[in-house]
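Scroll down for the structure; my scribbles are underneath it.
Just so we're on the same page: letters track the sequence lines, and every chain starts at 1.
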2 protein chains.
Amino acid sequence: MTSLSDPRRNEALRRRPTMKNVADLAGVGVKTVSRVINREPHVSEETIARVRRAAEQLQYQPDMQAGNLRRADRRTDTLGLLVGSVANPFSAAVHRAVEDIALERHVAVFASSLDEDPERELSSVNAFLRRRVDGLILTTIQPSQAYLGAQLDRGIPIVFVDRRPNGIEADAVITENAEGATGAVEHLLALGHRRIAYLGDDEKIFTARERKRGYLDTLRRHGVAPEDRLIVDNLDDEAKASDAVARLLALDDPPTAIFSAQNLITLGVITSLRSAGASTRVALVGFDDVPMAAMLEPAITVVAQDPASIGEIAARRVFDRLDGLDEPARDFIVPTRLIVRGSGEIRPF
Amino acid sequence: MTSLSDPRRNEALRRRPTMKNVADLAGVGVKTVSRVINREPHVSEETIARVRRAAEQLQYQPDMQAGNLRRADRRTDTLGLLVGSVANPFSAAVHRAVEDIALERHVAVFASSLDEDPERELSSVNAFLRRRVDGLILTTIQPSQAYLGAQLDRGIPIVFVDRRPNGIEADAVITENAEGATGAVEHLLALGHRRIAYLGDDEKIFTARERKRGYLDTLRRHGVAPEDRLIVDNLDDEAKASDAVARLLALDDPPTAIFSAQNLITLGVITSLRSAGASTRVALVGFDDVPMAAMLEPAITVVAQDPASIGEIAARRVFDRLDGLDEPARDFIVPTRLIVRGSGEIRPF
DNA sequence: AGCAGTTATGACATCGTTATCAGATCCAAG
DNA sequence: CTTGGATCTGATAACGATGTCATAACTGCT
């Protein structure tokens, strides 16, 4: 007799039931159980019912890992997603869109945060690959993504989001960064601003380079010489952005407008302009939307991105490739939209 | 001779290399490769180097799925996380905290959104289980979680977050919802408010019930009879919340203060109060923090939750259990914090 | 020299599933 | 009554790794 505390009994209880267990209980072979579970034809109604009952009784869950090992298509119905940070609203919106597309295909998503750390890029990608994901959607920070070439050759679709890869030809879904920046700067120029400051992130980041390029090119095209004193890079948090604004406002000839090239930076700018009492005097246009922007006083004019589209396009591309689409790699450029709310329409003093 | 287009050659190229391939290239047995990859002892330096070189050359990545099948501990180093929605800031913060803890242990996280849909709860949980996750962290909406009993018995740790489970004894990490609501309501009562409206979510949601209970109990304890006309449930989006506020303001004896029990509802309330020009007349305290709350005019007083702690505690609990901790299930109550910013300190008119 | 103990290695079974194939049964048509 | 073709079923190999165990070559000790 086996008692509740008998280790063997516990062992049996603790083990997840296998197809063999179901087969024995139903009095059929394992292959028949496999057929029922996978809804394959050529099983009698009566056998199906018996197997179903046994599976139910044991609370059987098939082990996909074991199945995938042998299965012909070798798919794990799993996808790896690497974003800036799952806690960042932009990344979260991308993630959500990817999840929604993946859900339609019963594909589960591994999500991971990059934190602009090259080491994390490698370890996340490796973690995904060891788990045999069917495809990858990646935001990257390594100078080159050539290390992914072999995976691409082996038919694992890889789509880059938000940033274009280097050293490898692969699909990329990116915001029209330079054009968006151009729109912002032209908007300010049209109001008469000439002293327009640029506050941006580390130029190691693709989007930062692009947005800065848009800013510089646009100024020059309109005959305004960019001034080094009005250009600040490497702002990777809100506090640094605030400090930078304080310094700009203290100049002899301070800027009459600010183009803030990233959303955390925009928050820092708002804080700093307010505490200097300059928020209704200095114009501000931010790249990427800011939560509650419409509720602020003044409301914040931004170049809004469309993270949901980015995620959706990336996910669809991965699945198209998994479905056999064999096109050359290409970029998908997602448009931005200038949302006029007030802060960007302040005229120069 | 095999040409580039020879299907066999392509086949070989496309296949991910196996340990056998590495073993053959290095001129050793598969078990030796396994030892090297897993850093097991009893392999000569020279052999290690040969195997490493071969693995490098083939860009070999071990297949964890195959390994897990045989491995003694049966761990997949994978965790399933179900949150309200990965795009929601509260959920995203929980997710991020879970990811950070998981990363320390080289555990990958499947993240999924519940969307308050009972069907989605079941399908997500099943998707996780079929993929043999080591543990589950779940936000739920089904009336009972008894269906998870077998998994719990089999030793899969399950920790519920944000909502307490029903019909099953399992760990739960939850915000002190009723107490937080009490704090908000007492804050308003102390200022002299007696007509305090409650705007809340569907009572099917655990947190909504708890917060409402806190509101009702507190009013009664302070000798204020709750008024049905001032209590609105089932507000599941911003627009509905706005409409509800408009109706409340149109009453003969409108509320002098509003307790908004969820963050999307708070946004709707703000919008509506503003458009009615009542935002500096009617007091507002929201449950759960709102982005940019400090920047608004008036700034929004809230009962802030601590999603990062919730995620961290839940993840640690899962790993403690995986490490063999055998305590009875318990609740972890995460405190709230009343953040006084202005909107909640408006006195009754 | 002989023996025990350690190190280095690989053959083989095994994990839980699916693919292949062969055998049994049944039915309809000749 | 045979034949051919479905339909139903299960035995067995295989997937890519790890666990077990046997074997061979050393090492250090009597």
Side-chain angles (χ1 to χ4, degrees), chain A residues 11-12 14-51 54-55 58-78 129-133 154, chain B residues 11-12 14-52 54-55 58-78 129-134 154:
Chain A
E11 198 48 41
R14 292 178 73 87
R15 256 202 139 51
R16 90 160 28 211
T18 68
M19 261 187 188
K20 178 87 172 48
N21 302 141
V22 177
D24 291 349
L25 182 59
V28 299
V30 282
K31 180 67 224 202
T32 298
V33 176
S34 173
R35 277 193 270 261
V36 173
I37 297 292
N38 296 297
R39 301 184 146 68
E40 284 170 39
H42 306 311
V43 186
S44 71
E45 284 305 326
E46 197 234 323
T47 306
I48 292 178
R50 256 217 325 288
V51 170
L58 295 176
Q59 297 229 44
Y60 171 73
Q61 288 273 7
D63 181 335
M64 283 181 65
Q65 311 225 30
N68 293 150
L69 196 56
R70 190 60 166 83
R71 185 174 272 116
D73 63 15
R74 324 232 75 217
R75 294 280 166 81
T76 56
D77 289 343
T78 288
L129 291 174
R130 276 197 301 270
R131 287 175 176 80
R132 288 232 348 238
V133 296
R154 280 174 200 150
Chain B
E11 199 48 40
R14 292 179 73 89
R15 256 200 140 52
R16 92 163 19 212
T18 69
M19 261 189 188
K20 179 87 173 49
N21 302 141
V22 177
D24 290 349
L25 182 60
V28 299
V30 282
K31 181 67 222 203
T32 298
V33 176
S34 172
R35 286 197 186 87
V36 173
I37 297 292
N38 295 297
R39 300 183 145 69
E40 284 171 39
H42 306 310
V43 186
S44 72
E45 285 304 327
E46 197 232 322
T47 306
I48 291 178
R50 259 218 322 288
V51 170
R52 284 263 154 74
L58 296 176
Q59 296 228 42
Y60 172 72
Q61 289 273 8
D63 181 334
M64 283 180 66
Q65 312 225 28
N68 293 150
L69 197 55
R70 189 60 166 83
R71 184 175 270 116
D73 64 13
R74 325 230 74 216
R75 295 279 167 82
T76 57
D77 289 344
T78 288
L129 291 174
R130 276 197 300 270
R131 287 174 178 81
R132 289 233 346 239
V133 296
D134 294 336
R154 279 171 200 152

- Task: Measure the distance from CZ on B:Arg70 to P on D:dA14 and round it to the nearest whole Å.
- Result: 18 Å

- Closest of D:dA17, C:dG16, D:dC8 to the B:Asp63 side chain is D:dA17

- Task: Could you tell me whether A:Pro62 contacts a base, only the sugar-phosphate backbone, or nothing, with contacts defined as non-hydrogen atoms closer than 4.0 Å?
- Result: sugar-phosphate

- Whole-Å distance between D:dC21 P and B:His42 NE2? 15 Å

- Nearest-nucleotide check on DNA chain D, B:Glu40 vs B:Ala66; residue mapping nearer the 5' end is B:Ala66

- Atom-to-atom span, CE of A:Met64 to C1' of C:dT18 - whole angstrom: 13 Å

- Message: Counting distance alone, no hydrogens or angles: does the base of C:dT18 have a donor or acceptor under 3.5 Å from a partner atom on the side chain of A:Arg71?
- Response: no

- Query: Looking at C:dG10, does its base get a donor-acceptor pair with the side chain of B:Arg35 below 3.5 Å?
  - Reply: yes

- Message: For a quick check of understanding: with a heavy-atom distance under 4.0 Å over all strands, which category does B:Val28 fall into, base, sugar-phosphate or nothing?
- Response: sugar-phosphate

- Is there a donor-acceptor contact under 3.5 Å from the side chain of A:Gln65 to the main chain of B:Leu69? no

- Message: Checking contacts here: which listed nucleotide (C:dT20, D:dT7, D:dA17) is nearest the side-chain heavy atoms of A:Lys31?
- Response: C:dT20

- Message: For a quick check, tell me whether the side chain of B:Lys20 and the base of D:dG16 share a donor-acceptor pair closer than 3.5 Å.
- Response: no

- Message: Under 4.0 Å, heavy atoms only, any strand: does B:Arg74 hit a base, just the sugar-phosphate, or nothing?
- Response: sugar-phosphate

- Message: Counting the atoms with a prime plus P, OP1 and OP2 as sugar-phosphate, which does B:Asn38 contact under 4.0 Å by heavy atoms, base, sugar-phosphate, or nothing?
- Response: sugar-phosphate

Residues 40-49 of chain B side chain polar contacts: donor-acceptor under 3.5 Å, at least two apart:
| residue | atom | partner | partner atom | Å |
| --- | --- | --- | --- | --- |
| B:Ser44 | OG | B:Thr47 | N | 3.2 |
| B:Ser44 | OG | B:Thr47 | OG1 | 2.7 |
| B:Glu46 | OE2 | B:Arg50 | NH1 | 2.9 |

- Could you state the CG-C1' distance from A:Asn68 to C:dA19, rounded to the nearest angstrom? 15 Å

- Base, sugar-phosphate, or nothing: which does B:Ala23 touch, judged by heavy atoms less than 4.0 Å apart? nothing

- Query: What nucleotide among C:dG16, C:dG10, D:dT9 has an atom nearest to a side-chain atom of A:Leu69?
  - Reply: C:dG16

